[in-house]
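Both backbone and side-chain heavy atoms feed into the values below; hydrogens, waters and symmetry mates do not.
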Amino acid sequence: MKRIFSGMQPTAHLHLGNYLGALRNWVKLQDGGDFECIYCVVDLHAITAGHDPDVLAGSTREIAAAYIAAGVDPSKTVLFAQSAVPAHVQLMWLLSSMTQMGKLSRMTQFKDKAGKNSEKAGLGLFSYPVLMAADILLYHATHVPVGEDQKQHVELTREVAGTFNHRYGAFFPLPEPLILGAATRVMSLRDGTKKMSKSDASDMSRINLTDTADQIAAKIRKAKTDPLPFPETLKDLEDRPEAANLITIYAAVGGLDVEQVLSRYAGGPFSGFKQDLADLLVEHVAPITSRMNALLAAPEEIDRILAAGAEKAQDLAAPVMDETFRRMGFWNKG
Ligand code: AQP
C-alpha cells in the first residue's frame, strides 16, 4: 500500500496556511482509503531557531490537538511526536554522510531563515532538510503531502534516497510530494509577496487556528489590499498579490473557483467582500478551535494518544533502521 508521512513543527500556533496547504489535505487522504497515513508532530525540528523549553511540550500537545480537531483520526493513522522515536536522529546521521553541503546551502528556507547572518545560523537550521529526509525515509513513505514551500525539501529527500540506493542497493522508495488543494501557498495578510508563516513577527499577518471570531474579523478587516476596485477577471489579479491571496483563501475555504468569487463580488467594494470572508473563516475555523480547546482541557488524553502512536511508529521504524545499518556495514547488524 502507498504510505504517507507528513509533519508540522510545534514552533507556534498553526495558521490558515498550515491548514489549507497541508492539514486539510491530510484528513482527505486519511479518509480516502488509498494511503496508510503517518502524521507526526516534528518537535525535533522546532528547536532549530531557538525555543523556549517551558513551552515546547505544551506546543507539541497543541499541534496534536489541532490535527485531531481538524479530523486526523488516531484510530486510522499513526499519530506521534518525533522525539519519541530516536531512530529519526539515527537515520539523519547516516544520511548526513551522503548529503552535499552545497545542496543544503541552496535550500530557500535556510536562506530565508538564516538571512544575511548565515555564518551565525545553527547547524540544526542548516541540516534540517536531512532530518526531514530521515523522517520520511524511515517509514518508507511513498508520498508526502506538503504546501509549495516544502517541495524543495522533498526533492532533496529523493536525491538522498537515490544516493543511498546507488551506494548500498535499492532500499528506499523515492517519495513524491503531494501538493493538493486550491491554496498551496497562502500568503501573509500584511504582505502578499511573503508566505503566511508561524515565525512572522506580526500576528496580524496570519489567521491562527486558535484565534477567536473577533480576532479573525479584525485581521481580515485590516488585511492589506490595494486602492484599485475589486477585480473582475483573472487577468485583473496579476500584480495584485494581496487581492489575489484573499480571493484564493475565500475560494479555498468556500469550495469555489476563483472565477466564481470574482463574479460574485465584481463591482462591489472590498469592505463587503472582507466582511463575508471573515464570516466564512469564522464559520470554518471556530469548530476546529472549539474541538482543540476541549482536547487541550484533557492533556493526559493527548499524551495517551501520542504514546500509543509512538509505539506503532517505533515498530515500523525499527526494521528499516536495522536494515539501513546492515547495508552500511555496521558491526553486529549482519
Ligand atoms: N503559507 C503556507 N501556505 C501553504 N502551506 C503552508 N505550510 C506552511 N506554511 C504554508 C505547510 O504547512 C506544513 C507545516 O510546516 P511546518 O510546521 O514545518 O512549517 P513551515 O513549512 O516551516 O512553515 P510555517 O508554518 O510558516 O512555520 P515557520 O514560520 O516556523 O517556518 C508544511 O506542509 C508546509 O508546506
Side-chain angles (χ1 to χ4, degrees), residues 6 8 14-29 31-32 70-71 108 144-152 154 176-198 200 202 204-209 211 213 215-288:
S6 202
M8 305 208 194
L14 292 192
H15 52 72
L16 193 65
N18 299 136
Y19 178 70
L20 294 176
L23 186 50
R24 188 164 77 158
N25 302 322
W26 293 9
V27 176
K28 287 192 188 141
L29 291 163
D31 294 339
T108 313
V144 188
V146 283
E148 275 294 339
D149 61 317
Q150 289 290 344
K151 188 170 167 221
Q152 199 184 25
V154 182
E176 310 253 354
L178 281 181
I179 299 176
L180 304 168
T184 55
R185 189 169 170 81
V186 179
M187 308 309 279
S188 158
L189 301 179
R190 308 302 297 163
D191 176 351
T193 63
K194 273 170 54 186
K195 77 160 189 155
M196 186 177 284
S197 167
K198 298 192 212 90
D200 192 312
S202 167
M204 294 302 283
S205 69
R206 60 186 163 257
I207 304 290
N208 302 305
L209 295 186
D211 282 345
Q215 284 171 317
I216 293 175
K219 286 177 178 182
I220 295 297
R221 205 169 43 247
K222 292 190 182 149
K224 187 176 169 199
T225 41
D226 54 46
L228 299 172
F230 196 88
E232 297 191 4
T233 64
L234 288 178
K235 187 142 184 38
D236 293 344
L237 285 176
E238 284 170 16
D239 301 323
R240 296 184 65 185
E242 285 83 16
N245 187 39
L246 293 180
I247 292 165
T248 305
I249 292 174
Y250 189 113
V253 177
L256 299 169
D257 293 334
V258 167
E259 289 94 329
Q260 289 172 297
V261 183
L262 293 176
S263 65
R264 188 176 287 183
Y265 290 95
F270 252 107
S271 56
F273 162 78
K274 281 182 160 184
Q275 178 63 54
D276 287 357
L277 174 59
D279 292 346
L280 186 66
L281 283 170
V282 169
E283 191 187 311
H284 207 84
V285 173
I288 299 177

Distance-minimising heavy-atom pair for Ser202 and Ser205: O-OG, 2.6 Å
Quick check: closest heavy atoms across Ala243 and Asp226, and the distance to 0.1 Å? CB-OD2, 4.3 Å
Can you tell me if [X] uses its side chain to pair, donor with acceptor, with the backbone of [Y] under 3.5 Å?
X	Y	result
Gln150	Gly147	no
Asp236	Glu232	yes
Glu259	Thr233	no
Arg206	His15	no
Ser6	Pro145	yes

CA sep, side-chain torsions, deciding dist, call: Val285, Asp211, side chain to side chain contact (heavy atoms under 4.5 Å, CB included): CA-CA 8 Å; Val285 173; Asp211 282 345; 6.0 Å; no
Working to the nearest 0.5 Å, report the span between [atom1] of [X] and [atom2] of [Y].
X	Y	atom1	atom2	result
Lys28	Arg24	NZ	CZ	4.5 Å
Leu256	Leu280	CG	CG	8.0 Å
Glu242	Arg240	CD	CZ	10.0 Å
Leu23	Met8	CG	CE	4.5 Å
Thr184	Asp149	OG1	CG	9.5 Å
Asn245	Arg185	CG	CZ	10.5 Å

Check Leu180, Leu178, Ile179 against Val146 for a side-chain contact (heavy atoms from CB on, under 4.5 Å) and give me the one that passes. Ile179
My understanding is that only one of Leu281, Ile216, Asn208 makes a side-chain contact (heavy atoms from CB on, under 4.5 Å) with Leu16; could you say which? Leu281
Is it true that Asp276 and Tyr265 share a donor-acceptor pair across their side chains at a distance under 3.5 Å? yes
Using the rule given for side chain to side chain contact (heavy atoms under 4.5 Å, CB included), can you reason through Leu246 versus Thr225, listing the C-alpha separation, both sets of side-chain angles and the distance that settles it, and then say yes or no? CA-CA 9 Å; Leu246 293 180; Thr225 41; 3.8 Å; yes
Is the closest side-chain heavy-atom distance between Tyr250 and Arg264 below 4.5 Å? yes
Check whether any side-chain heavy atom of Lys219 sits under 4.5 Å from a side-chain heavy atom of Met204, and report yes or no. yes
Decide side chain to side chain contact (heavy atoms under 4.5 Å, CB included) for Leu237 and Val258; before the verdict, give the C-alpha distance in whole Å, the side-chain angles of both, and the deciding distance to 0.1 Å. CA-CA 10 Å; Leu237 285 176; Val258 167; 3.9 Å; yes
Mind checking what makes ring-ring contact (aromatic ring centres under 6.0 Å, His included) contact with Phe270, not counting sequence neighbours? Phe230
For Tyr19, check ring-ring contact (aromatic ring centres under 6.0 Å, His included) against everything at least two apart and list the hits. His284
Output, in order, the C-alpha distance, side-chain angles, deciding distance and verdict of side chain to side chain contact (heavy atoms under 4.5 Å, CB included) for Ile207 and Ile220. CA-CA 9 Å; Ile207 304 290; Ile220 295 297; 4.0 Å; yes
Short N-O contact, Lys151 and Glu148, less than 4.0 angstrom: no
Could you pull out all donor-acceptor pairs under 3.5 Å where a side-chain atom in residues 186-194 meets a protein atom, sequence neighbours excluded?
{"from": "Ser188", "atom 1": "OG", "to": "Arg190", "atom 2": "N", "distance (Å)": "3.0"}
{"from": "Ser188", "atom 1": "OG", "to": "Asp191", "atom 2": "N", "distance (Å)": "3.2"}
{"from": "Arg190", "atom 1": "NH1", "to": "Lys222", "atom 2": "O", "distance (Å)": "2.7"}
{"from": "Asp191", "atom 1": "OD1", "to": "Thr193", "atom 2": "N", "distance (Å)": "2.9"}
{"from": "Asp191", "atom 1": "OD1", "to": "Thr193", "atom 2": "OG1", "distance (Å)": "2.6"}
{"from": "Asp191", "atom 1": "OD2", "to": "Thr193", "atom 2": "OG1", "distance (Å)": "3.4"}
{"from": "Lys194", "atom 1": "NZ", "to": "Asp200", "atom 2": "OD2", "distance (Å)": "3.4"}

